[in-house]
Amino acid sequence: MKVVVCVKQIPDPADPGALDPETRTLKRDVKLILDESDSYGVEMGLQLVDNAGGGEVTLVSMAPNNEQSGLRTALAMGAASATLISDTELIGSDALTTAKVLAAAIKDQEPDLVIAGSESSDGYTGTVPEMIAAVLDLPSVTAAKSIEVGGDAIQVQRQTDAGYDVVDCPLPAVISVTAGVVEPRYPSFKGIMAAKSKPLDEKSSADLGFAADAVGWAGSGQEIVDVAEAPQREAGEVIEDDGEAHLKIVEFLENLKVI
Amino acid sequence: MTTVSSPFYNDEHRAFADAVRQFTENEITPFVHEWDVAGEVPRELYKKAGALGIFGDGFDEQYGGHGQRDPLLRMVMFQELSRSGSGGVLASLLSNYIGLPPIQKFGSDATKAKYITPCMTGEKVAALAITEPSGGSDVARIKTTARLEGDHYVVNGSKTFITSGMYAHHFTTAVRTGGDGPAGVSMMVIDGDAEGVGRTSLDKMGWLASDTATLYFDDVKVPVENLLGEEGAGFSMIVNNFNAERIDMAAQSTAFARVCFDEALNWARERETFGKRLADHQVIRHKLVEMDRQINASQAWIELLAWRLAQGDDPVAEIAEAKVNATLTFEACAREAAQVLGGASYLRGDTVERLYREVRVQAIGGGSEEIMRDLASRQLGL
């Protein structure tokens, strides 16, 4: 089974990020790391290949500055190889342009399954996986909490507000996975050493057939006109216990329809 | 703990440091107080650590090790684990690093396969048994005897202060096979479940999550193949082993000092007294800078020593001095962090409270500060 996992390398969330005042986008000229939300996709892919008894996980990523360390982390987890699309023309690409570029890199690999995180931890558009599916003309299932492979199809448990849907989907397909559904393995010492010699193919957007004005700021219809601080969360309701507090809490939870 | 700008670390060191940091944050730090109360570390943690490669530095690949000895890799690994703020967890988890090296260096292929392999995966735990009730650092005078009888030795005696002593599956043990003095000392592996092996748990001031024991050997039969190297070669094995243990403990002590500093810094930024943050009081600011100054100096020294070890150098005197320096740094930082935190540092479950109690074992274990100074003075030919 051949699984392609899309991974994003993002600025370390542990370090305070900064916005470029001119473009109002996140500065990415720092060390980038593997987006934690993508580590679930990598783990899911590795488990599917293990269960299938053969095959491999390959990675596809787009980054503005030739950054590889996040990809090396995913290779250390057990992925077999990686493709990194990176050049300065790509800077400013919006979600659709990103999806087009990733789809172009995925297409040549003819995978059985494409996995991506539901949304990145920096941009949070939550649209790229479905756009990749549209560009590649493949079926797409979102918010997968588990994937079971059976022959030429998969059965996906799709997270919903009420529980989960069971979705049958033919292969090949693009699936986005939710965080927390599997426990990503730690990159082991042996994995880290092995990752050093795993193939990492670097391509430019031109290599994939994109003209300079088809990607980046020029090729994207996106302009960020304003950014604002997120509003402070309002203080919660404090219920003083006069002996009846439990009833008020029950009522509160009933109103929320959680009980 | 490690600085990415340090010239000593390569990409693999940094990648492994990241992985161990994640592992420590997820699998260790949230539970250290619970394990202190329980008096032990869950066995499952050893298997998780084994899968990550925590035990492998310096052990052959065919037995599950890294296939290389990298003092700098070990330093980042130990220091990242130390971020948990629990020396007890490290003492438990890392007793393999004092119990197994003599087997790696002097054991036969069969002995290595039998004893090293299951420790690499975390299935089993090794311990080192040197110290006796009658004496600590004076290992040339150990009294535990091993008498050769046909195809086995018969061991009689006692060991104490043995880290992982209650749960270890085997003990790399110093015994007397010959006459008095260092030339009569040998090393052999004794199975924990061998008939005649007894264990008594020891309650301690710190390292509460680590099981520590007194061991009793009463006519214990040990197969001759469990002898490591030649009879009488034990003393030099012990001395070599201590050298590695000392830089490991210096690395941990420096990292624990850094944890104390971080705890004090966070508190000083949050806590307000007399209308301003603690950090805005000059007396507190100076305490923090004093801590940072000592930690940075210790860190720079031990990284340099680890690099020298990696080059094949063997700076015995400096490692002894650096251990003294690191434990004095840890002691000073634990004290000052407690002063900054005030009453909060006196409550069980607080990180500084735990580390304050663990200072002494770092300053005594693996060679006390006094023994370290004496060793350094002899090495320097004073």
Side-chain angles (χ1 to χ4, degrees), chain A residues 7 9-16 29-40 42-43 46-47 50 59 61 63 65-79 82 84 121 179-200 202, chain B residues 1-5 9-29 44-45 47-78 80-81 83 96-97 120-122 262 266:
Chain A
V7 298
Q9 303 177 95
I10 63 168
D12 190 342
D15 295 327
D29 53 353
V30 294
K31 185 196 169 199
L32 305 178
I33 64 169
L34 177 66
D35 187 343
E36 192 188 347
S37 67
D38 286 330
S39 64
Y40 297 100
V42 174
E43 180 63 40
L46 292 169
Q47 289 186 13
D50 279 350
L59 310 168
S61 185
N65 60 354
N66 296 86
E67 181 68 52
Q68 297 184 358
S69 60
L71 282 172
R72 291 286 174 205
T73 301
L75 290 170
M77 288 173 72
L84 173 66
S121 304
V181 292
V182 286
E183 195 175 332
R185 65 197 70 186
Y186 301 101
S188 70
F189 172 79
K190 285 183 179 170
I192 289 166
M193 298 307 276
K196 282 167 66 175
S197 53
K198 287 181 176 175
L200 197 160
E202 281 196 62
Chain B
M1 211 61 63
T2 51
T3 51
V4 286
S5 57
Y9 300 120
N10 60 31
D11 287 345
E12 288 70 46
H13 294 140
R14 281 185 277 270
F16 195 52
D18 286 345
V20 178
R21 181 178 301 195
Q22 263 187 312
F23 175 79
T24 304
E25 284 175 359
N26 296 340
E27 313 286 347
I28 300 178
T29 309
E44 200 55 36
L45 185 69
K47 291 176 189 163
K48 290 179 180 175
L52 185 56
I54 291 287
F55 304 125
D57 180 52
F59 298 103
D60 291 342
E61 210 161 5
Q62 67 198 97
Y63 307 118
H66 292 180
Q68 62 171 47
R69 167 79 173 101
D70 183 346
L72 287 155
L73 182 95
R74 192 184 305 191
M75 181 157 289
V76 295
M77 173 167 73
F78 280 24
E80 291 298 340
L81 288 168
R83 282 177 178 266
N96 283 342
Y97 275 113
M120 293 295 107
T121 58
D262 289 343
N266 290 339

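Letters A, B, ... are given to chains in the order of the sequence lines, protein chains preceding strands, and every chain is numbered from 1. Reckoned from all heavy atoms, side chains included, excluding hydrogens, waters and symmetry mates. Because the structure is a prediction, the values reported are computed rather than measured.
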* Indicate the atoms forming the closest heavy-atom contact of Ser188(A) with Ala51(B), along with that distance. =>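 What the structure gives for the nearest pair is CB-O, 3.3 Å.
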* Asked: Atom NZ in Lys196(A), atom CG in Asn10(B): separation rounded to 0.5 Å?
  ->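 Taking NZ in Lys196(A) and CG in Asn10(B), the distance rounds to 7.0 Å.
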* Asked: Side chain, backbone, both or neither: which part of Ile54(B) has a non-hydrogen atom closer than 4.5 Å to chain A?
  ->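 No part of Ile54(B) comes within 4.5 Å of chain A.
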* Select one option (side chain, backbone, both, neither) describing which atoms of Asp11(B) are under 4.5 Å from chain A's heavy atoms. =>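 For Asp11(B), neither part sits under 4.5 Å from chain A.
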* Name the orientation class of the two ring planes belonging to Phe189(A) and His66(B) (parallel below 30°, tilted from 30 to 60°, perpendicular beyond 60°). =>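 Rings of Phe189(A) and His66(B): parallel, under 30°.
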* To do: Give a yes or no on whether a salt bridge exists between Arg21(B) and Asp12(A), defined as a side-chain N under 4.0 angstrom from a carboxylate O.
  =>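 Looking at Asp12(A) together with Arg21(B), the answer is no, because their closest N to O distance does not fall below 4.0 Å.
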* Report the option among Pro187(A), Ala195(A), Ala76(A), Ser69(A) that has the most heavy-atom pairs separated by less than 4.5 Å from atoms of chain B. =>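 If we count pairs closer than 4.5 Å to chain B, Pro187(A) comes out on top.
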* Residue Glu36(A) versus chain B: region with a heavy atom under 4.5 Å ->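 Contact with chain B involves no heavy atom of Glu36(A) at all.
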